[in-house]
A.B. asks: 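Starting off with a structure, shown below.
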Amino acid sequence: MSADNTPSFHERAVAEIQSIPYGRVATYGQIAARAGNPRGSRQVSRILHSSSRKEKLPWHRVINAKGGISLPPGGGYELQKSLLRDEGVEFDERGLVDLERCGC
DNA sequence: TTACTGACCTTTT
DNA sequence: AAAAAGGCCAGTA
């Protein structure tokens, strides 16, 4: 981590993820674009996995651009859904989050 | 058809 | 060895 004065993609993305308030969600594209790479949405997921192991990142607040869970069933899909619901996030009948309300 | 979004893998520090 | 940093490709709308 170049914590000197080099705002890397990694720490930038982690900061954005941690900046997500309660009851709010963010998409990969939003975080990636804010981090400095509009095409680095893939890396965001990697950071969620990597940093969340040591840092307690609200990975459950990170969803895809459709407002849904990109995780496979049994891999954390219903788990994240429950976490978001516990925060007050409204889910669609299809399991989609209201990006108009929580899409910061 | 084209454009955009992904929950990874690889390499470097 | 472990963690951080970085990018390309294919699927879907």
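Note that the structure is predicted; figures quoted are calculated from it, not measured. Throughout, protein chains are lettered first and strands after them, A, B, ... in sequence-line order, and every chain is numbered starting at 1.
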A.B. asks: Just the rounded figure in Å: distance from C1' of B:dA7 to CG of A:L84.
C.D. replies: 14 Å
A.B. asks: Please find the pair of heavy atoms, one from A:I69 and one from A:Q80, that lie closest to each other, and give the distance.
C.D. replies: CG2-OE1, 3.1 Å
A.B. asks: NA contact type, A:F9, heavy-atom cut-off 4.0 Å: base, sugar-phosphate, or nothing?
C.D. replies: sugar-phosphate
A.B. asks: Between C1' on B:dG6 and CG on A:L48, what's the gap in Å once rounded to a whole number?
C.D. replies: 12 Å
A.B. asks: Whether A:S45 contacts B:dG6 is assessed here as follows: a side-chain N or O lying under 4.0 Å from the phosphate OP1 or OP2. Is that the case?
C.D. replies: no
A.B. asks: Write down the distance between CD1 (A:I31) and P (B:dA7), rounded to a whole number of angstrom.
C.D. replies: 13 Å
A.B. asks: With DNA chain C as reference, determine whether A:R39 or A:S50 sits nearer its 5' end, using the nearest nucleotide of each.
C.D. replies: A:S50
A.B. asks: Is there a donor on the side chain of A:Q43 or the base of B:dA7 sitting less than 3.5 Å from an acceptor on the other?
C.D. replies: no
A.B. asks: Mind checking if A:V62 touches a base, just sugar-phosphate, or nothing, with heavy atoms under 4.0 Å?
C.D. replies: base
A.B. asks: Quick one: A:E11 CD to B:dT13 C1', roughly how many Å, whole number?
C.D. replies: 14 Å
A.B. asks: Answer yes when A:R61 and A:E87 have at least one side-chain N-carboxylate O distance shorter than 4.0 Å, and no when they do not.
C.D. replies: yes
A.B. asks: Expressed in angstrom and rounded to an integer, what is the separation of A:I69 atom CD1 from B:dG6 atom C1'?
C.D. replies: 14 Å
A.B. asks: To the nearest Å, how far apart are A:L96 CG and C:dA13 P?
C.D. replies: 12 Å
A.B. asks: Measure across A:T27 and A:A65 and return the closest heavy-atom pair with its distance rounded to 0.1 Å.
C.D. replies: CG2-CA, 3.8 Å
A.B. asks: In whole angstroms, how far is the P atom of B:dA7 from the CG atom of A:L83?
C.D. replies: 18 Å
A.B. asks: Roughly how far, to the nearest 0.5 Å, is the CG atom of A:L96 from the CZ atom of A:F91?
C.D. replies: 8.5 Å
A.B. asks: C:dG7, OP1 or OP2 - any side-chain N/O from A:N37 closer than 4.0 Å?
C.D. replies: yes
A.B. asks: How far apart are the closest heavy atoms of A:E78 and A:S82, and which atoms are they?
C.D. replies: O-OG, 2.8 Å
A.B. asks: Could you tell me which nucleotide pairs with C:dA1 by Watson-Crick or G-U wobble geometry, both distances under 3.5 Å, or answer none if nothing does?
C.D. replies: none
A.B. asks: When you check the phosphate oxygens OP1 and OP2 of B:dA7, does a side-chain N or O of A:S70 lie under 4.0 Å from one of them?
C.D. replies: yes
A.B. asks: Nearest-nucleotide wise, let me know which of A:K66 and A:R46 is further upstream toward the 5' end of DNA chain C.
C.D. replies: A:R46
A.B. asks: Round to a whole Å and report the spacing from CD of A:Q80 to P of B:dG6.
C.D. replies: 12 Å
